[in-house]
Amino acid sequence: MAAPASPLVQRILDGDPRALARACTLVENRSAQAADLLKSAFPHTGHAFTVGITGSPGAGKSTLTSALISELRRAGQRVAVVAVDPSSPFSGGAILGDRIRMACHHDDAGVFIRSMATRGALGGLAPTTHDLALLLDAAGFDWILIETVGVGQDEIDVARLAPATAVVLAPGMGDDVQAIKAGILEIADVFVLNKADQPGAARLEQDMHEWPRPLVKTVATTADGLPELLAALETLRAALPPHRTELHWAARLRQMFAERAVARLDANQVDAAARRIAGRECDPYTIIEEWLKV
Ligand SMILES: Nc1nc2c(ncn2[C@@H]2O[C@H](COP(=O)(O)OP(=O)(O)OP(=O)(O)O)[C@@H](O)[C@H]2O)c(=O)[nH]1
Ligand SMILES: [Mg+2]
């Protein structure tokens, strides 16, 4: 673990934002250098607190993230954001909206915002996002916020793999508890009832009573409730059981191993085996056993 950092990683450690942006691109594109880069960065990670911020489209995740950045900056914390949903104002089709929303943070060296331009990326959304989070950790950010829409298994996995997950709910968008996609409420460490200024907020709050997780009411547009949200996140950070990190790595190792194993198969080999199986020349169980032996 004590090998000297690669030149690019050294620049990241020195706080060069352009080096960091370049490294992010290499990781996002799964370039050939990415693995060495991540190996070199890894010994410098383990300091940041990574929070997944997820919820229905339009619940206010980006507005909330921006308000949380301001709150964290006031507390002297350095913050990095990864926005993984192309529909997000941080990324994809709505980059302009992102620029407008995030304009207040653009000149701040203590803030780094990265949009994941690719979706269904090589190797999957969750592994790539968490590799990016490692780079940001190495770069010395205290907090890493990962915004992802809570629709679809890939996006839910991104949030689930974060050490702490905030699920953002909002009233008045067909977003009552019954309508919320199964699987997303379960991954919450804290609920954020955003748009608390809107009709239906009290009812939604009542509906959430049965869920044994803290709930914080916010109005992201005015930053109401943001100190309370930060306090709730700080509490989670302080109470993180040490084995939570081990659980995270156990899940990631399984994912990484499966990814590498599949990547080692060449298409012709798979086609040839499929042909033999379809023709009943061979069974799939034996084939898999043979592939795992190599
Ligand atoms: N009234 C009210 N409007 C809000 C609040 N928070 C966000 N909004 C508005 O809700 C709309 C959606 O906010 P976003 O922050 O883009 O929501 P999002 O969850 O990031 O949306 P996607 O990334 O597209 O899923 C915007 O017009 C915001 O100004 C709030 O607390 N109260
Ligand atoms: Mg958004």
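Just follow the structure's listing: the first ligand is 1, and inside any ligand the first atom is 1. What you see is a predicted model; the values in this text were computed from it and never measured.
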Worksheet item: Do any N or O atoms from the side chain of Ser40 and from the backbone of Asp36 form a donor-acceptor pair under 3.5 angstrom?
Response: no
Worksheet item: Under the 6.0 Å and 45° cation-pi test, does Arg237 pair with Trp143?
Response: yes
Discussion item. Regarding ligand 1, does Val219 bring an N or O atom to under 3.5 Å of one of the ligand's N or O atoms?
Written reply: no
Discussion item. I'd like the name of whichever of Ala201, Ser56, Gly60 reaches closest to atom 17 (O) of ligand 1 through any heavy atom.
Written reply: Gly60
Item to complete: May I ask you to check whether Arg30 and Thr128 show a side-chain donor-acceptor distance below 3.5 Å?
Response: yes
Worksheet item: Mind checking whether Val149 has an N or O less than 3.5 Å away from an N or O of ligand 1?
Response: no
Worksheet item: Short question: side chain of Asp108, backbone of Gly110 - any donor-acceptor pair under 3.5 Å?
Response: yes
Worksheet item: Any N/O of Gly58 closer than 3.5 Å to an N/O of ligand 1?
Response: yes
Discussion item. Just checking: Ser62, one of its N/O/S atoms, less than 2.8 Å away from the Mg ion (ligand 2), yes or no?
Written reply: yes
Fill in: ligand 1 N/O within reach of Leu64 N/O, cut-off under 3.5 Å
no
Worksheet item: For residues Arg160 and Thr148, is any side-chain donor paired with an opposing acceptor at under 3.5 Å?
Response: no
Worksheet item: Should you measure from each heavy atom of Ala59, which atoms of ligand 1 turn up under 4.0 Å away?
Response: 19 (O)
Worksheet, complete the sentence: The N/O/S atom of Glu147 lying closest to the Mg ion (ligand 2) is OE2
Item to complete: Say whether, by atom type as modelled, one donor and one acceptor occur between the side chain of Arg78 and the main chain of Ala139 under 3.5 angstrom.
Response: yes
Discussion item. Give the atom numbers and elements of ligand 1 that come within less than 4.0 Å of a heavy atom of Pro57.
Written reply: 25 (O)
Worksheet entry | Thr54 and Glu155: CA distance, side-chain angles, deciding distance, side-chain hydrogen bond (donor to acceptor under 3.5 Å, both in side chains) verdict | CA-CA 8 Å; Thr54 191; Glu155 279 82 358; over 6 Å; no
Discussion item. Out of all atoms in ligand 1, which are within 4.0 Å of some heavy atom of Thr63? Include the element for each.
Written reply: 7 (C), 13 (O), 14 (P), 15 (O), 28 (C)
Worksheet item: Just checking, is any N or O donor in the side chain of Asp137 or His47 under 3.5 Å from an acceptor N or O on the other one?
Response: no
Worksheet item: If hydrogens are left out, which of Gln198, Glu147, Lys61, Lys195 has an atom nearest to atom 8 (N) of ligand 1, that is, the closest non-hydrogen atom?
Response: Lys195
